[in-house]
Amino acid sequence: MSIPALMPVYPRCDVRPVKGEHCHLIDEDGTRYLDFASGIAVNLLGHSHEGLIGAIQKQAETLMHVSNLYGSPHQEKLAQMLVDASFADTVFFTNSGAEAVECAIKTARAFHQHEDGDPARTELITFTSAFHGRTMATISASNQAKMHHGFLPLLQGFKYCEFDDLAAAKAAIGPQTAGFLVEPIQGEGGIRPASQEFMQGLRDLADEHGLMLVLDEVQCGVARTGKFYAHELYGVKPDIVASAKGIGGGFPLGACLATEHAARGMTFGTHGSTYGGNPLAMAAGVAVMEAVANDEFLAGVRDKGARLKARLEQFIGNYPDLFELVRGEGLMLGIKMKVESRPFFQHLRDKHQLLTVAAGDNTLRVLPPLVVGDAEIDEFFDKLSAGAADYEVPDAS
């Protein structure tokens, strides 16, 4: 048996999208799917947003890539927009979420390697059920054995603690601790929001011990929760944030944001990227910022998210054997199931043309485009209801 031309690392399904229209994907055979997966929280403006498409087309006609050897008015514009909209003073652009997390890890370590720092502090405390990416550093930062298999030995410099357990995080601090790396709302881990006590406690511990609070907001950031970044829900200011997914609206783009203090070790020659911050990506990022980084849009996400969550909480009561609870913020919601979520997610996709995302902790992720309307939400409940009604739980034996 020969290997296919496309490396078989994904168990790909039979859905083969070739076109997108707003909140729908269209298969090569013409089948329409309601997309409440959004490319795993990426397509926040849907699939045919005129502003995003126009910005990419216009930029492609003038300049797509020049490398970072030259001044970049394109990067400067988007970086300033991000600084103005967030806690950050400075930004480094990447091509993906994993690269953004890598940069965040390096920034946290470099902080302590500064001339008045403590070079022994190289270890980040991370948390169970986290997902930080697929590079060697980011799988090493995650405690999931399924991601480690086949890639040992892992990189040193990470210590795992139980998510949302402040006492455990405090106990893990030692002379090598550089900081904490945490998702304010775990995505792949099952749409699990951290508690207010936990997030504030990590900030307080970081301040007390001179550590970096590093947040992975690759999935929960950029308006997904109804705040521009999810940490704003907690009133906690981080030192470093890794951002990606929705920031490009579908174009590959990531960013590492930091305060001036946290970025003190990131000087000439310490980091780089050939493609990072290319003009085409910057045009996409600017178009996204122009659409979402305003109070009216964010309030709309909060309103739609609250209504969707309330309807879900009412809906799951009709199927007490299938569903347990609903959690999440804004339009980053998860339905925790009483049975394995993956077969149900496949059932919705294959039998009812509804696209969602399976996650850990038997959770079904509901991640619609942030531009979703009432008609699409009604369609979602029609499909979800039909899917729950005719679903037969697989025999565990």
Side-chain angles (χ1 to χ4, degrees), residues 36-42 44 86-87 97-98 100-101 104 125-133 138 141-144 161-166 169 180-203 213-247 254-255 257 292 298 301-302 304-306 308-310 312-313 324-337 341 356-370:
F36 269 46
S38 300
I40 315 182
V42 169
L44 80 177
S86 74
F87 74 99
V101 176
I125 296 171
T126 67
F127 298 91
T128 54
S129 301
F131 180 89
H132 296 300
T138 53
S142 307
N143 80 316
Q144 300 190 50
C161 277
E162 191 68 29
F163 179 67
D164 213 34
D165 186 334
L166 184 60
F180 303 104
L181 171 59
V182 63
E183 299 162 275
I185 302 177
Q186 290 190 334
E188 197 274 345
I191 311 296
R192 299 171 62 205
S195 65
Q196 177 68 41
E197 178 187 19
F198 182 67
M199 291 300 296
Q200 185 62 59
L202 292 183
R203 178 68 274 172
L213 178 58
V214 185
L215 302 185
D216 179 343
E217 293 223 29
V218 168
Q219 186 166 155
C220 61
V222 192
R224 175 56 59 181
T225 65
K227 295 289 187 179
F228 188 62
Y229 281 114
H231 64 260
E232 298 170 34
L233 296 166
Y234 299 91
V236 168
K237 181 180 177 181
D239 299 296
I240 306 165
V241 164
S243 183
K245 287 191 181 288
I247 198 172
L257 291 73
V292 310
L298 293 169
V301 173
R302 293 194 297 273
K304 287 183 283 191
L308 179 57
K309 188 175 185 180
L312 279 171
E313 288 173 336
E324 183 174 339
L325 55 85
V326 180
R327 58 193 173 200
E329 296 288 342
L331 290 172
M332 184 181 183
L333 299 176
I335 308 171
K336 179 172 168 55
M337 302 189 65
S341 63
T356 55
V357 189
D361 198 29
N362 289 334
T363 302
L364 188 73
R365 277 182 275 187
V366 179
L367 303 168
L370 304 187

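- With sequence neighbours excluded, the residues that form a side chain to side chain donor-acceptor pair (under 3.5 Å) with Asp361 are Arg327, Lys336.
- A side-chain donor from one of Asp164 and Ser195 sits under 3.5 Å from a side-chain acceptor of the other.
- Minimum interatomic distance between Ala359 and Ser341 (heavy atoms only, all atoms of both residues): O-OG, 3.7 Å.
- Take Phe127 and apply the ring pair (Phe, Tyr, Trp, His ring centres under 6.0 Å) test, not counting sequence neighbours, and it matches Phe198.
- Taking every heavy atom of both residues into account, Thr225 and Met332 meet most closely at CG2-SD, 4.4 Å.
- When side chains are defined from C-beta on, Ile335 does not count as touching Thr363, because their heavy atoms never get closer than 4.5 Å.
- Using a 4.5 Å heavy-atom cutoff, the side chains of Phe36 and Val357 are not in contact.
- Annotation for Ala130 and His132: closest pair CB-NE2, 3.5 Å, computed over non-hydrogen atoms.
- Counting heavy atoms from C-beta on, the side chains of Tyr234 and Gln200 never come closer than 4.5 Å.
- Here the straight-line distance linking atom OG of Ser129 with atom CD of Glu183 works out to 9.5 Å at 0.5 Å rounding.
- Note: Ile240 CD1 to Leu215 CG = 9.5 Å, rounded to the nearest 0.5 Å.
- No more than 12 heavy atoms of other residues, nucleotides or ligands lie within 6.0 Å of CD in Glu197, so this atom counts as exposed by the packing criterion.
- A donor-acceptor contact shorter than 3.5 Å is absent between the side chain of Arg302 and the backbone of Gly330.
- Annotation: the span from Ser142 atom OG to Asp216 atom CG amounts to 8.5 Å, rounded to 0.5 Å.
- Summarising the geometry of Thr126 relative to Ala141, their closest heavy-atom pair is OG1-O, 2.8 Å, with the distance given to 0.1 Å.
- Expressed to the nearest 0.5 Å, how far CZ of Phe87 lies from CD of Glu232 amounts to 10.0 Å.
- With a 4.5 Å cut-off on side-chain heavy atoms, Leu166 and Leu202 count as touching.
- At a threshold of 4.5 Å between non-hydrogen side-chain atoms, the residues Glu329 and Ile185 count as touching.
- Checking each of Val236, Leu181, Val241 against Leu213 for a side chain to side chain contact (heavy atoms under 4.5 Å, CB included) leaves exactly one that passes, namely Val236.
- Ser38 contributes a side-chain N or O that, together with a main-chain N or O of Leu367, makes up a donor-acceptor pair within less than 3.5 Å.
- Considering every non-hydrogen atom in both Ile191 and Gly328, the closest pair reads CG2-CA, 3.7 Å.
- Within the 4.5 Å cutoff, no side-chain heavy atoms of Phe180 are placed close to those of Val214.
- Of the possible polar contacts, none joining the Lys245 side chain to the Gly97 backbone as a donor-acceptor pair under 3.5 Å is found.
- Ala98 approaches Thr138 most closely through the heavy-atom pair O-CG2, 3.9 Å.
- Atom CZ in Phe228 sits 8.0 Å away from atom CG in Leu298 (nearest 0.5 Å).
- In this structure, a donor-acceptor pair under 3.5 Å is absent between the side chains of Gln186 and Gln219.
- The side chain to side chain contact (heavy atoms under 4.5 Å, CB included) check on Val301 picks up Phe297, Leu331, Leu370, with sequence neighbours excluded.
- The side chain to side chain contact (heavy atoms under 4.5 Å, CB included) test with Glu217 is passed by exactly one of Ser243, Pro184, Pro238, Ser86: Pro184.
- Annotation: side chain of Val182 is in contact with side chain of Phe163 (closest heavy-atom distance under 4.5 Å).
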